[in-house]
Structure formats: structure tokens, C-alpha cells
Amino acid sequence: MPALFLNLLKLIFLALLYLFLWQVARSIGAHLGTARAPMRTRTGAEILIVKSATLAGSRFPLSGPLVMGRSGEADIVVDDPYASDLHARVGLHDGEVMVHDLGSTNGTYVNGRRVTSPVRVGKGDAIQVGKTIMEVR
Amino acid sequence: MSRTAETALILVATGLAGLGTVLVNLTQGSGFDAQVVVTIAAFLVGFGGLGLATRRFAPAANPFLIPLVTFLAAIGFTELYRLDPSRAAVQRWSIVVAGGVAAAVLFALRTDGVAVLRRYRYVFAITALGLWMLPLTPLGVEINGSRLWLRLTVPGTSTTASFQPGEIAKLLLVAFLASYLAERHESLSQMRRSIGPLLLPRPSQLGPVMLAFILSFGVLIYQRDLGASLLLFGVVIAMLYAATSQRTYLVFGGALVLGGGIVAFQMFDHVQRRVSAWLYPFDDFTGAGYQVAQGLFAFGSGSLTGSGIGVGRPDLIPAAATDYIYAAVAEEMGLAGSVVVLAGFALLFAVGFGISVRSRDVFRKLMAAGLVLVLGIQTILILAGVMRLFPVTGITLPFMSYGGSSLIANMVLVALLARISHEERT
């Protein structure tokens with residue numbers, strides 16, 4: 001085999017390795033982009049977790065009803081020994097954000113008051129589930 | 001990105017393995033032959049099969065894991081085939097078996113998911129310990145001064161198969177730790193007393209750290225395996241930090257590694273030999289320093305684009321097909337090739353930690369993080385050893401080195417990650 005030909009093959013092989021990785025990296029970027037896109041749009045209301053063992057600082061956009069609780073089936077899984085499996089639900093009704101308690105053991109609190117029937121909340125209100133505190137924004 | 005794109009990427013990576021094989025054949029004077037076909041077939045069955053299993057049993061899984069793994073395996077296989085075609089033939093079988101085992105794991109978890117693993121945590125812990133100690137029994141054999149292997153004779157024949165049970169034990173350890181820490185992370189993270197910025201743990205909180213330390217020191221003494229010992233301790237400390245976000249554990253862990261390292265250096269000549277080969281490879285060039293020195297020569301002669309696959313002399317490096325595969329890559333594919341390998345690993349770990357961050361409960365988060373840590377610590381330890389940033393630890397480079405047990409364990413690891421990523425959105 002002539003050395004020039006082998007050299008060329010070597011470079012082509014290296015170039016292919018880079019092309020492959022470039023393609024993967026680009027798709028990862030696109031993948032993250034599509035995963036994030038639906039979060040930015042919507043009504044604008046979102047739930048910000050203020051105090052929590054694991055979720056502090058996370059935001060959940062309120063595009064549909066969100067159930068919070070300890071169960072893996074909840075939309076916001078709080079790791080909190082004082083929370084029930086399916087503790088409370090925050091939903092949109094005619095453009096208003098409503099908080100429902102789902103029969104939790106330790107109760108759901110809005111601005112420190114226990115929720116007994118569905119309560120309307122607005123921006124800046126604090127919702128407490130167990131020891132987890134959230135803010136509507 | 002869709003599953004179709006994933007399949008396409010796996011096929012392209014398989015093509016790279018085939019092309020690499022062709023390149024080796026060209027330089028050795030044979031060209032396109034059956035070896036190429038068999039290699040492509042093995043990659044298709046092993047990695048393609050795992051891709052199909054993911055489609056079937058974890059359809060929402062992250063689509064980048066398997067293509068990246070296939071890519072790394074393709075580079076490793078090319079170099080292995082160039083170094084030793086007969087070992088490459090064994091490795092092809094390992095790829096097929098590993099793909100099958102990983103697919104079986106996905107199948108077993110198809111309905112209940114990884115959450116089911118929480119139930120068996122003490123079974124896992126005891127099994128992991130047992131597997132680690134198994135080579136110390138008469139079934140074990142000593143290879144290159146470390147007692148890590150089991151040699152089993154296939155009944156009725158004289159064929160023997162070697163297996164490293166410690167590879168599987170790593171996965172069980174992660175499953176145990178994730179489940180244990182998911183329950184205890186709160187009590188382990190509450191610390192009151194402090195010295196300056198450093199919070200002091202209560203004695204009970206240091207229990208897991210000390211236990212891990214004693215175990216890893218035991219591995220170092222009885223199996224004479226520096227790498228496994230550091231990996232074990234590193235995973236425990238890193239997972240404790242991930243679960244509690246208390247830097248204290250990193251500080252104490254680091255102090256223990258340093259202290260333990262100094263004691264081990266004083267006590268054991270196998271540790272001393274490795275450290276002196278690391279610091280002064282040319283003082284004992286024909287003896288202990290030979291491997292490190294040959295590795296450095298390989299990096300040097302590789303230059304920017306390498307000698308070309310099949311043209312260099314990576315066969316001069318001891319253990320080039322296993323621990324030192326990265327030096328062989330650096331010699332024949334140059335800086336360009338070694339950087340692409342690093343980038344491949346970096347992307348794989350980034351994808352893995354991304355899965356951990358997006359998972360929705362503590363157990364899955366810790367499980368994913370632990371699995372990536374096992375891969376990451378191994379990769380960093382052996383790469384740092386080969387590049388002479390650290391003493392050589394004798395760990396295989398995941399997915400690239402020759403070795404069936406390690407490939408099977410790492411493929412199962414990737415299957416578990418895929419499953420966790422599938423569950424992040426259900």
C-alpha cells in the first residue's frame with residue numbers, strides 16, 4: 001500500500017469520527033431544545049419551589065393541572081415525609097389558579113391558612129405541602 | 001430526536017467499526033475479508049439488538065446512550081483488532097453476549113421499572129460483598145499480581161472461562177447505595193456543629209464512610225487491586241455528596257484517601273512499585289517503569305494525527321489491549337483520535353448526569369448518578385494512569401478495553417440508565 005493512500009485513509013477515518021460525534025452533539029442540543037420549548041410558552045403562571053429537600057429552585061409551568069405529592073405518579077414529586085402520596089392539586093379554571101387539597105393527612109396551606117375547599121391563588125401566594133413551600137409566579 | 005435517528009447513529013457507529021477493521025486489514029495486506037463482515041455482524045447483534053430492545057421495553061429512553069457507547073466500542077475494537085485479532089474474535093462474542101444480557105435486563109424491568117430494585121437492597125449489598133470476596137476462595141486465580149478473577153472449567157471440556165465477579169458487584173453496590181441513601185439522606189445531611197466553614201458530621205453520620213473505607217482498604221490488601229479499591233471508596237463518597245449536598249463528606253473522604261494512601265504506601269510493596277513507576281518511570285526503564293514509559297512513547301510518537309491504524313508499534317506497550325488501550329489509540333490515531341475519545345466519554349457522562357437531574361424521585365436520581373459515577377471514576381482513573389497524571393491502577397477503560405466481564409457489566413449499566421431515562425417522563 002502506498003504511504004500517501006494510507007495517510008489519506010487515516011485522515012478520512014479521523015474525520016468520520018469527528019463527524020459522528022458532531023452529529024451526536026448537535027442532536028443532543030436539539031433534543032434539549034425541544035424538551036424545554038413547551039415550558040417557556042403557555043399562560044405564564046408557574047409554580048416555583050422555594051423550600052424543599054430536593055426540588056428547591058425548580059419551576060413547574062402551569063399549563064394544565066399539577067398534582068403534588070410523594071407518589072411517583074404525582075406531577076411534582078416532593079420528597080417530604082410530611083406530604084401524602086397525592087397531596088394537593090393546582091389547576092387552572094377559567095384562567096384562575098385554584099388549589100385543591102386531595103384529602104391529605106397534614107393539610108395544604110395557602111399563605112398559612114389551611115385549605116378546606118378549593119382556594120383561588122394569585123401571583124406571590126405561598127402554598128405549603130408538608131414542609132415544602134411553593135410560590136405562584 | 002427520534003428512535004429512528006438513534007438507529008441511524010448506531011448503524012453509522014457500526015460502520016465505523018467495520019471501516020476500522022478494513023483499515024487494519026489494508027495495512028496488514030489483506031483488505032476486505034470475512035473479518036469485516038463478522039465484526040459488523042457482531043456490532044449489529046450486540047448494539048443494534050440492544051437498541052431494538054430499548055425501542056420495545058423503554059421507548060421513551062434517552063436516544064444518545066447506545067449510539068455513544070457503540071461509537072466508543074468501535075474505536076476500541078478497531079485498536080484491539082489491530083493489536084490482537086484472536087482476542088478481537090473473543091471480544092466480538094463478548095459484545096453479542098453483553099448486548100443480550102443488557103436487553104434481558106430491560107425485559108426484566110419492563111413493567112415495574114428500576115423502583116423494584118429498592119426492595120432487594122440488602123440482598124444486593126450481601127451479594128456484592130460475596131462477589132468481591134469470591135476470587136479469594138480456591139475458585140479464584142491470580143493474574144498480574146491481583147486476585148480478581150474466577151477461572152471456571154466448562155463441564156466436559158478442557159475449556160476454561162475467566163470472569164471478574166467484581167464488575168457485577170459494582171452495579172449491585174450502586175443499587176444498594178441509591179436505595180439506602182434515598183431513605184437516609186435527610187438524617188445524613190443535618191449537621192449542626194462546625195469548624196469555620198466546615199460542618200462537622202456526628203459520629204453516626206460517619207458510619208457509612210468508615211465502613212466503605214474499611215472495605216476498600218480490605219480490597220487493597222487482600223486482592224491487591226488499587227483501582228477497585230479507589231473506585232469503591234470514590235463511588236460511596238461521591239454518592240453521599242450527591243445525596244446530601246454536604247461538602248463535609250468530600251473533605252473527610254479526601255482526607256481518608258490521602259491518609260490511607262500514605263499508610264498503604266508504607267505497608268505494601270505493590271503500592272510502592274506503582275508509585276515509583278509513576279514518578280520515575282525511566283529510573284527502572286526495563287523493569288517497573290517499562291509500561292508507563294512505553295505508554296509515554298506511544299503518546300509522543302502519535303503526534304497530531306497518529307501513525308495511522310496498523311502502522312505504529314503499540315504492540316510494544318505491555319497490556320496494550322486492556323489497561324493501556326488508550327495509549328495505543330493515542331499512538332495510531334494521534335492527538336485527534338485521543339481527543340475524540342475523551343469527547344465521546346464526556347458526552348456520555350453529560351447525558352447520564354442529565355438523566356439523573358431530570359429524574360423525579362431521589363432513588364432514581366441517585367441510581368442514575370451512581371451508575372454514571374462508576375463509569376466516570378473508572379474512566380478517569382485509568383486515563384489518568386495512562387497519561388501519567390496518577391499511578392496506574394489497572395482498571396479497564398469502559399467499552400474500549402478487551403474484557404468480557406467489564407463489557408457485560410458496563411452494557412447492563414447503560415441499559416439501567418436507559419430504563420431510568422424512560423421513567424423520567426412517565
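Source: prediction; values computed, not measured. Excluded from the calculations below are hydrogen atoms, water molecules and symmetry mates; all remaining heavy atoms, backbone and side chain alike, are included.
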For the CG atom of Leu6(A) and the CG atom of Leu23(B), what is their distance to the nearest 0.5 Å? 8.5 Å
The reported gap from CG in Leu21(A) to CG in Leu342(B) (rounded to nearest 0.5 angstrom) is 10.5 Å
Which bit of [X] is near chain A, if near means a heavy-atom gap under 4.5 Å: side chain, backbone, both or neither?
X	answer
Ala13(B)	both
Val362(B)	side chain
Val341(B)	neither
Ser245(B)	neither

What pair of heavy atoms forms the shortest contact from [X] to [Y], and how long is it?
X	Y	result
Val12(B)	Phe20(A)	CG1-CD1, 3.8 Å
Leu26(B)	Phe5(A)	CD1-CE2, 4.5 Å
Gln23(A)	Leu9(B)	CG-CD2, 4.2 Å

Sidechain-backbone polar pair: Arg360(B) side chain, Asp75(A) backbone, donor-acceptor under 3.5 Å: yes
With side chains defined as the heavy atoms from C-beta onward, is the minimum distance between His185(B) and Asp79(A) less than 4.5 Å? yes
Can you confirm whether more than 12 heavy atoms, excluding those of [X], are under 6.0 Å from its [atom1] atom?
X	atom1	result
Phe60(A)	CZ	yes
Arg113(A)	CZ	no
Arg247(B)	CZ	no

Top contributor to chain A contacts, counting heavy-atom pairs under 4.5 Å, from Gly306(B), Gly337(B), Gly354(B): Gly306(B)
Taking 4.5 Å as the heavy-atom cut-off, does anything in residues 9-18 of chain A contact chain B, and if so which residues? Leu9(A), Lys10(A), Leu11(A), Phe13(A), Leu14(A), Leu16(A), Leu17(A), Tyr18(A)
Here the salt bridge (Lys or Arg N to Asp or Glu O under 4.0 Å) pairs for residues 20-29 of chain A, sequence neighbours left out, are none
So the salt bridge (Lys or Arg N to Asp or Glu O under 4.0 Å) pairs with at least one residue in residues 331-350 of chain B (sequence neighbours excluded) are Arg82(B)-Glu332(B)
Residues forming a salt bridge (Lys or Arg N to Asp or Glu O under 4.0 Å) with Asp361(B), sequence neighbours excluded: Arg364(B)
